[in-house]
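Reviewing the structure listed below.
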Number of protein chains: 2
Amino acid sequence: MTTRLRAVRPRQPAAVTRKAIHDAAHELFRNEGFDAVGIRAVAARAGVDAALVIRHFGSKEQLFLEAMTVDLPAIKVMEGPLEGMGRAIVEHVVCLPSSRPGALAVTALAALFRASDRGEVQRTLRETIENVFAEPLVRRLEGGDAELRAHLIAAQLGGLLTSMHVVQDPVLLAADRSAVVARYGDSIQRLIDT
Amino acid sequence: MTTRLRAVRPRQPAAVTRKAIHDAAHELFRNEGFDAVGIRAVAARAGVDAALVIRHFGSKEQLFLEAMTVDLPAIKVMEGPLEGMGRAIVEHVVCLPSSRPGALAVTALAALFRASDRGEVQRTLRETIENVFAEPLVRRLEGGDAELRAHLIAAQLGGLLTSMHVVQDPVLLAADRSAVVARYGDSIQRLIDT
DNA sequence: CGGGCTTTGTCAACATTGATGACCAGCGTA
DNA sequence: TACGCTGGTCATCAATGTTGACAAAGCCCG
């Protein structure tokens, strides 16, 4: 009887393979979305067996969440002066050169939006928006209804992000960035000022 | 030899079963999202074999698109006076009693957003937003950059809709509707006026 | 050294999913 | 009656996420 031939793969510490899987997943999910990317594709790219992916992350959905939860660097502009903050924030969301880490974060957030009919994804999305947009704003706004206004601003930012990276509105994509910043920023400013 | 026993289902004209499938799909997809609902579930609800669903609609994605493409009744407010239109539009999107046909349309649009990592869905979403929000606005806006402004308004409306029906921001859901209308509406009004 | 224990990895299956193709039944018409 | 069209069923396919049994490697303790 012939001995079973096993593909032999050198043993590595858990953290290493885990990171390999995480990175592969991040690349693939961010560019192609949640359900266009199979577990076997992630595994192949990481040079790993498909079962290992599940073993390390529990489920595809969990892997997706961990891979897309880039901790957006807190938007510094939100700590600056209230005057002109509207434009500054929009510029931050819209104008990032696509190589910068912030841009990756925006893309990842867009991927979360696109996959939001998974219940767990939806929860993560909600928390992310709260943490990244709404909560930092609440602490800065003056006047009445600060919490409501902060969340409305978050809605507007989500809308812009969604229109550009999910819906991919051709008019917005083709438009002059500075015009977008000026118009949308001023509109947001109304919610900041009141 | 016993003759094969077949589940006999009375023959019906194609349009009838097609509608039955369409309606079942609309109900299920709107409430539970695209990939929580299987073809077999739709078929069961319509009292029909699963293969028939595909036969009539080509694919699950196609069925989803046809089922969620409610022709939103053109938003009449967009034909009214420019003054105060911001609030009027927001009211239309946010305050609908959930029994009215418009509310169904909003829910369906939200389902499209949630499933937007399917390429075809994304395209439909883009066209729907163009037709329902952007294009009617373009024809009304006065002043420079009318097209850009219309699409920015569409982005804001999408943002509000997304925040409430996809992200389900608890602050917005709990907030006083009239406050939301006033604040968000005035913010949009800035883009209408300029 | 050697025997156990945990860690890391592999493989073969499973259930479910969307989708297809062969076939069948009713029915009108030539 | 025979043909063909239309509406419907069933068995089956390939792919998917997931699981469990098992195999090695390293490590600890006698």
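In what follows, chains carry the letters A, B, and so on, assigned in the order in which the sequence lines appear, proteins first and then strands, with residues in each chain numbered from 1. What you see below is based on every heavy atom in this structure, not just the backbone, and it leaves out hydrogens, waters and symmetry mates.
- Atoms CD1 and CG, on A:Ile39 and A:Leu52 in that order, are 11.0 Å from each other to the nearest 0.5 Å.
- Note: NE2 (B:His56) to C1' (C:dT20) measures 16 Å, nearest angstrom.
- With rounding to whole Å, A:Arg55 atom CZ is found 9 Å from C:dT8 atom C1'.
- As judged by a 4.0 angstrom heavy-atom cut-off over every strand, A:Ala14 is placed among residues touching the sugar-phosphate backbone only.
- One atom, CD1 of B:Ile54, and another, C1' of D:dC10, lie 15 Å apart when rounded to the nearest Å.
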Q: Please test A:Ile188 against A:Leu157 for side-chain contact (heavy atoms from CB on, under 4.5 Å), starting from the C-alpha separation and ending with a verdict.
A: CA-CA 9 Å; A:Ile188 287 183; A:Leu157 292 174; 3.7 Å; yes
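- Closest-nucleotide positions on DNA chain D for B:Ala51 and B:Pro13 were compared, and the one nearer the 5' end corresponds to B:Pro13.
- Each of B:Arg11 and B:Ile39 lies near DNA chain C, and the nucleotide nearest B:Ile39 is the one positioned closer to the 5' end.
- Here B:Thr17 reaches the OP1 or OP2 of D:dG8: one of its side-chain N or O atoms lies under 4.0 Å away.
- Per the geometry, CG belonging to A:Asp49 stands 12 Å off C1' belonging to C:dT8, to the nearest Å.
- Look at CD on B:Gln12: it is 10 Å from P on D:dT9, rounded to the nearest Å.
- Evaluation of atom-type donor-acceptor distances gives a pair under 3.5 Å for the side chain of A:Arg40 against the base of D:dG17.
- In this structure, B:Leu52 reaches the bases: a heavy-atom distance under 4.0 Å links it to at least one base atom across the strands shown.
- The distance from atom CZ of A:Phe64 to atom P of D:dT18 is 14 Å, rounded to the nearest whole Å.
- The aromatic rings of B:Phe29 and B:Phe64 stand perpendicular to each other, their planes meeting at an angle above 60°, with 30° marking the opposite boundary.
- For the 3.5 Å distance criterion, the side chains of B:Asp193 and B:Gln189 qualify, holding a donor opposite an acceptor.
- Rounded to an integer number of Å, the gap from B:Asp35 CG to C:dT17 C1' is 11 Å.
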